[in-house]
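What follows is a short report on a single structure.
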Number of protein chains: 2
Amino acid sequence: MAATDDSSVEVDADEFDRAGSAADRAARPRQRARRQRAIDFGGLDTHVGYAVRRAQVAVFQDFLRSVANTGIRPAQFSILTVIAANPGLKQADVSRALGIERGRLVLVLNELEKRGLARRAASDIDRRSHALHLTPKGERLLAQLNLSIGEHERRMSAKLGPEDKARLMDLLRRLVD
Amino acid sequence: MAATDDSSVEVDADEFDRAGSAADRAARPRQRARRQRAIDFGGLDTHVGYAVRRAQVAVFQDFLRSVANTGIRPAQFSILTVIAANPGLKQADVSRALGIERGRLVLVLNELEKRGLARRAASDIDRRSHALHLTPKGERLLAQLNLSIGEHERRMSAKLGPEDKARLMDLLRRLVD
DNA sequence: TATTGTTATACTCTATAACTATA
DNA sequence: TATAGTTATAGAGTATAACAATA
């Protein structure tokens with residue numbers, strides 16, 4: 001169920017061991033040796049998982065191009081967004097909300113702190129946990145990211161039209177339930 | 001843009017530094033300290049990328065549970081399927097069609113050969129390339145996989161209904177173009 | 001006892017690049 | 001020169017498990 005963003009899924013017809021019966025080949029006049037032919041996906045393209053994976057790869061690629069100058073990856077953006085919307089949130093909550101493993105989140109937050117975008121503060125109510133905040137620099141970067149990502153979202157929406165985007169979001173949500 | 005399969009995205013309301021103004025708190029009668037409150041996704045849930053990623057994770061998890069007894073992963077399934085549908089295909093074609101890097105494909109094929117599911121044969125027409133085939137064991141496993149994955153597909157379709165599944169596939173395809 | 005953050009390991013996957021043998 | 005397959009490396013991400021501090 002790997003996905004591709006390369007639509008040129010053709011191959012040399014000659015390389016197939018069974019590209020059709022001898023009668024088939026006689027009926028369809030033989031092309032040059034280098035003639036390209038689309039490969040058979042064997043029903044893979046009717047699978048929801050394959051389709052949703054291909055779409056995810058395509059959307060993420062556009063996302064990554066949109067914010068390439070910032071070096072921010074999708075998971076980092078989602079973490080910054082959730083912290084900004086819920087200042088003082090603790091790591092365990094971010095982990096649960098976004099489905100990022102605790103141990104993984106530690107490493108990402110280390111990097112965000114090193115870049116001066118987020119910080120861990122002491123929590124008043126639970127000395128085990130950290131209260132997460134964006135720094136002013138983190139707030140500014142997030143504002144800038146949201147501009148670029150807004151354009152990205154408009155590009156994605158343009159492929160669907162406004163009412164079909166809403167329909168897609170609803171259908172995807174139903175797959176998760 | 002990380003995704004979760006955990007719908008319990010709630011946190012202790014107490015841990016927010018700014019869970020609302022003092023007036024707000026007075027207006028909404030204060031709950032017990034352990035009262036849970038949903039976190040604010042800060043608009044993340046309106047992003048196509050976030051939604052499509054969450055859906056992809058959810059669908060793949062169901063897929064993986066469906067075939068857990070075989071130790072087959074989505075990429076392996078897609079490779080087996082494409083080889084079965086196009087016997088004699090060469091590695092570069094599989095790589096292009098499925099968007100798997102050449103070097104990565106080498107490793108996966110090594111594993112499939114070691115498990116006796118696929119084999120590399122000499123190509124008649126280009127001594128650089130290999131003609132890929134499933135072994136009889138590979139054919140049998142793929143048939144069995146298709147039964148399990150058929151059930152998986154029906155579970156996914158049941159969340160959508162038949163006409164909405166077709167609509168979803170169309171919308172996802174439009175995102176890729 | 002359970003939770004929070006941390007550290008570590010193994011594995012999957014992507015991206016990149018070099019290398020060989022063929023074309 | 002370009003392509004097919006191979007090998008290697010670095011980085012991102014998942015899955016697990018152990019551990020200390022704290023609840």
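We name chains A, B, ... by the order of the sequence lines, and we start the count at 1 in each one.
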Could you pick out which residue, A:Val108 or B:His130, lies toward the 5' side of DNA chain D when each is mapped onto its nearest nucleotide? B:His130

Distance in angstrom units between A:Leu109 CG and C:dT7 P, rounded: 12 Å

Give every pair of a protein N or O atom and an N or O atom of nucleotides 20-23 of chain C that lie under 3.5 Å apart, one pair per line with the distance.
unit_1: C:dA23; atom_1: OP1; unit_2: B:Arg127; atom_2: N; d: 3.1

Nearest to the side chain of B:Arg73 - C:dG5, C:dT12, D:dG13? C:dT12

Check this for me, if you would: do A:Lys159 and B:Asp177 make a salt bridge, where the nitrogen-to-carboxylate-oxygen distance has to be below 4.0 angstrom? no

Within a strict 4.5 Å, meaning less than it, do heavy atoms of the A:Arg119 and A:Glu113 side chains meet? yes

Ignoring backbone atoms, establish whether A:Lys90 has a side-chain N or O less than 4.0 Å from OP1 or OP2 of C:dT4. yes

Please classify the nucleic acid contact of A:Glu101 as base, sugar-phosphate, or nothing, using heavy-atom distances under 4.0 Å. base

On the nucleotide D:dT6, are OP1 or OP2 found under 4.0 Å from the side-chain N or O atoms that B:Gln91 carries? yes

Pairing of B:Asp164 and A:Arg174 as salt bridge, 4.0 angstrom limit: yes

Closest to side chain of B:Arg102, choosing from C:dT6, C:dT12, D:dA4: D:dA4

Answer yes or no: side-chain N or O of A:Arg104 and base N or O of D:dG13 forming a donor-acceptor pair under 3.5 Å. no

For a 4.5 angstrom cut-off between non-hydrogen side-chain atoms, does A:Tyr50 reach B:Val59? no

Output the rounded distance in Å from CG (A:Leu105) to P (C:dT4). 13 Å

Flag side-chain contact, heavy atom, 4.5 Å: B:Val108 against B:Gln76: yes

Side chains of A:Arg155 and A:Ser66: do they bring a donor and an acceptor to under 3.5 Å? yes

Find the distance A:Phe77:CZ to D:dA12:C1' and express it as a whole number of Å. 19 Å

Step-by-step side chain to side chain donor-acceptor pair (under 3.5 Å) determination, B:Asn110 to B:Arg120: CA-CA 9 Å; B:Asn110 288 349; B:Arg120 294 161 161 113; 2.9 Å; yes

Rounded to whole Å, please give me the gap between CD in A:Glu113 and P in C:dG5. 12 Å

